[in-house]
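First listed ligand is number 1; within each ligand, the first listed atom is number 1.
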Amino acid sequence: MLAVDDPGPPGRLPGVSLPAPTSENRAVVTGASSGIGTALAEELARRGYSVILIARRGDLLAELSQRLTDRYGVTAEVRAVDLSDRDQRAPLAAELASRDIAILCNNAGVATFGPVAELDLDFERAVMELNAVAVHDLTLAVLPGMLSRRGGGILITGSAAGNMPIPNNATYAASKAFTNSFSESLRGELTGSGINVTLLAPGPVRTDNPDQDEVGSKVPEFIWVTAAYTAKLSIDALERNKMRVVPGLISKGMSVAGQYSPRALTAPIVGAFYKKLGG
Ligand SMILES: NC(=O)c1ccc[n+]([C@@H]2O[C@H](COP(=O)([O-])OP(=O)(O)OC[C@H]3O[C@@H](n4cnc5c(N)ncnc54)[C@H](OP(=O)(O)O)[C@@H]3O)[C@@H](O)[C@H]2O)c1
């Protein structure tokens with residue numbers, strides 16, 4: 001049972017601000033080896049947090065770790081883990097449950113395009129495991145500790161794609177519907193607990209992922225925002241316990257339209273666009 005009627009730590013307004021960085025506590029970032037995750041890790045280190053960097057590519061995490069330590073003087077631990085693999089994830093979750101985790105950024109995620117029946121079904125299962133089940137697992141791992149310390153921040157990277165049905169992107173859209181809903185529901189449960197929960201639900205964010213070349217050519221340039229801007233906005237929002245952050249004016253507008261337009265109308269329109277990406 002979560003204790004949610006607690007006024008929070010003395011000297012801090014309930015639900016506002018984050019635990020200050022200490023030599024003991026850590027900010028955890030999943031998907032830290034590229035894109036938004038690297039930017040989140042950099043933003044947290046810049047604010048003085050020592051970090052735990054998680055992704056599969058340990059070499060990239062090691063480079064980032066060195067850079068963050070050199071630049072900001074923080075400790076940066078590396079965990080090379082495939083989060084879609086339950087056997088690899090379990091010891092990581094146990095470790096996080098036993099540590100002083102000030103901030104958890106559940107950010108790792110991948111997308112697939114095309115009719116789900118034509119895609120690799122094992123990979124589709126792995127996408128669900130990574131984008132949804134791992135987010136649930138790691139959040140549940142850190143929650144008891146955050147509740148007992150009466151402080152913490154949980155950032156969940158969902159997506160504008162989670163706001164609506166998207167044919168030809170079905171697994172991704174559904175997995176992000178989970179993250180969007182889980183984040184905003186959890187935030188409601190934790191009101192007054194001292195734990196902030198913010199959903200990052202971006203539209204297009206420019207990263208160095210080569211997969212973006214295909215999408216990039218079909219999405220107008222003015223809609224894109226940078227990963228660094230997204231990361232700064234996200235940690236600012238988490239600090240203020242904002243429910244949802246959507247970087248970029250155009251994406252904000254599209255997010256509202258996606259949430260409130262009739263789904264029977266949006267599904268075929270959006271599906272036709274994603275069909276071009278699925279090729
Ligand atoms: N960029 C956008 O336009 C956009 C828009 C909306 C939402 N998002 C969401 O933002 C998050 C970050 O996306 P991004 O654009 O920054 O993508 P990215 O550059 O491709 O980064 C994805 C990260 O997830 C990690 N990852 C992938 N599979 C993993 C696995 N099985 N186990 C552990 N880590 C894994 C990758 O590291 P390894 O390959 O080293 O494991 C990488 O660090 C995702 O959740 C994505 O859905 C992005």
Residue pair S185, E189: steps toward the side-chain hydrogen bond (donor to acceptor under 3.5 Å, both in side chains) verdict: CA-CA 7 Å; S185 304; E189 291 180 13; over 6 Å; no
Going through the checks in order, is the salt bridge (charged side-chain N to carboxylate O under 4.0 Å, His left out) test met by D236 and K232? CA-CA 6 Å; D236 284 349; K232 183 183 179 316; 2.7 Å; yes
The test is salt bridge (charged side-chain N to carboxylate O under 4.0 Å, His left out); show your working for R57 and E63 and say whether it passes. CA-CA 10 Å; R57 288 170 293 174; E63 278 172 31; over 6 Å; no
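K176 and S159 get closest at one heavy-atom pair: CG-CB, 3.7 Å. P21 and G48 get closest at one heavy-atom pair: CB-O, 3.2 Å. The minimum heavy-atom distance between A161 and N169, with the atom names listed, is CB-OD1, 4.3 Å.
Taking atom 1 (N) of ligand 1 as the reference point, the nearest protein heavy-atom neighbour is V205 O, 3.0 Å. Shortest contact from atom 18 (P) of ligand 1 to any protein heavy atom: S34 OG, 3.4 Å. Of the protein's heavy atoms, R56 NH2, 2.9 Å lies nearest to atom 39 (O) of ligand 1. Of all protein heavy atoms, the one closest to atom 9 (C) of ligand 1 is T157 CG2, 3.6 Å. Protein heavy atom closest to atom 17 (O) of ligand 1, with residue, atom name and distance, is N209 ND2, 4.4 Å. Looking only at heavy atoms of the protein, atom 11 (C) of ligand 1 is closest to N107 O, 3.1 Å. If you check which protein heavy atom lies closest to atom 15 (O) of ligand 1, you get T207 CG2, 3.6 Å. Scanning the protein for heavy atoms near atom 34 (N) of ligand 1, the closest one is A55 CA, 3.7 Å.
The contact set between ligand 1 and V110, taken as ligand atoms under 4.0 Å from a residue heavy atom, comprises 27 (C), 28 (N). Taking every heavy atom of D82 and a limit of under 4.0 angstrom, the matching atoms of ligand 1 come to 30 (C), 31 (N), 32 (N). Ligand-side atoms of ligand 1 in range of A32: 43 (O), range being under 4.0 angstrom from any heavy atom. When each atom of ligand 1 is checked for a heavy atom of Y172 under 4.0 Å away, the hits are 6 (C), 7 (C), 8 (N), 9 (C), 46 (C), 47 (O). Close approach of ligand 1 to P204 (heavy-atom distance below 4.0 Å) involves ligand atoms 3 (O). Heavy-atom proximity to S33, at under 4.0 Å, picks out these atoms of ligand 1: 36 (C), 37 (O), 38 (P), 40 (O), 42 (C), 43 (O). The distance from ligand 1 to the heavy atoms of I36 drops below 4.0 Å at these ligand atoms: 10 (O), 16 (O), 48 (C). Against a heavy-atom cut-off of under 4.0 Å, S159 is close to the following atoms of ligand 1: 6 (C), 7 (C).
Looking at L130 against ligand 1, only its side chain comes within 4.0 Å, counting heavy atoms. If you look at A227 next to ligand 1, there are no close heavy atoms at all, none under 4.0 Å. Residue L83 touches ligand 1 through backbone and side chain together, judged by heavy-atom distances below 4.0 Å. Contact annotation for V81 and ligand 1: only backbone heavy atoms (N, CA, C, O) come within less than 4.0 Å of the ligand.
The closest heavy-atom contact to atom 40 (O) of ligand 1, among the options Q88, R206, R89, R57, comes from R57. Nearest to atom 22 (C) of ligand 1 by heavy-atom distance, out of A80, G35, G109, is G109.
For R125 and E129, the salt-bridge test fails: no basic side-chain N is under 4.0 Å from an acidic carboxylate O.
At a cut-off of 3.5 Å, with distance as the only test, no side-chain donor of T38 or E42 sits close to an acceptor on the other residue. With hydrogens and angles left out, the side-chain atoms of E184 and N180 include no donor and acceptor closer than 3.5 Å. At a cut-off of 3.5 Å, with distance as the only test, a side-chain donor of N106 or T139 sits close to an acceptor on the other residue. Under 3.5 Å, the side chains of T171 and E124 contain a donor-acceptor pair of N or O atoms.
For ligand 1, one of its N or O atoms has an N or O atom of G31 under 3.5 Å away.
In the hydrophobic clustering of this structure, V110 does not group with M128; members are Ile, Leu, Val, Met, Phe, Trp, Tyr whose side-chain heavy atoms approach within less than 4.5 Å, directly or through other members.
Just one of T226, L200, I36 meets the side chain to side chain contact (heavy atoms under 4.5 Å, CB included) condition when paired with V205; it is I36.
Within 6.0 Å of NZ on K242 lie no more than 12 heavy atoms contributed by other residues, nucleotides or ligands.
In this structure, G158 has a heavy atom closer than 4.0 Å to ligand 1. In this structure, G203 counts as a contact residue of ligand 1, since one of its heavy atoms falls inside 4.0 Å of the ligand.
Under a 3.5 Å cut-off, the side chain of S181 and the backbone N or O of F178 do not form any donor-acceptor pair.
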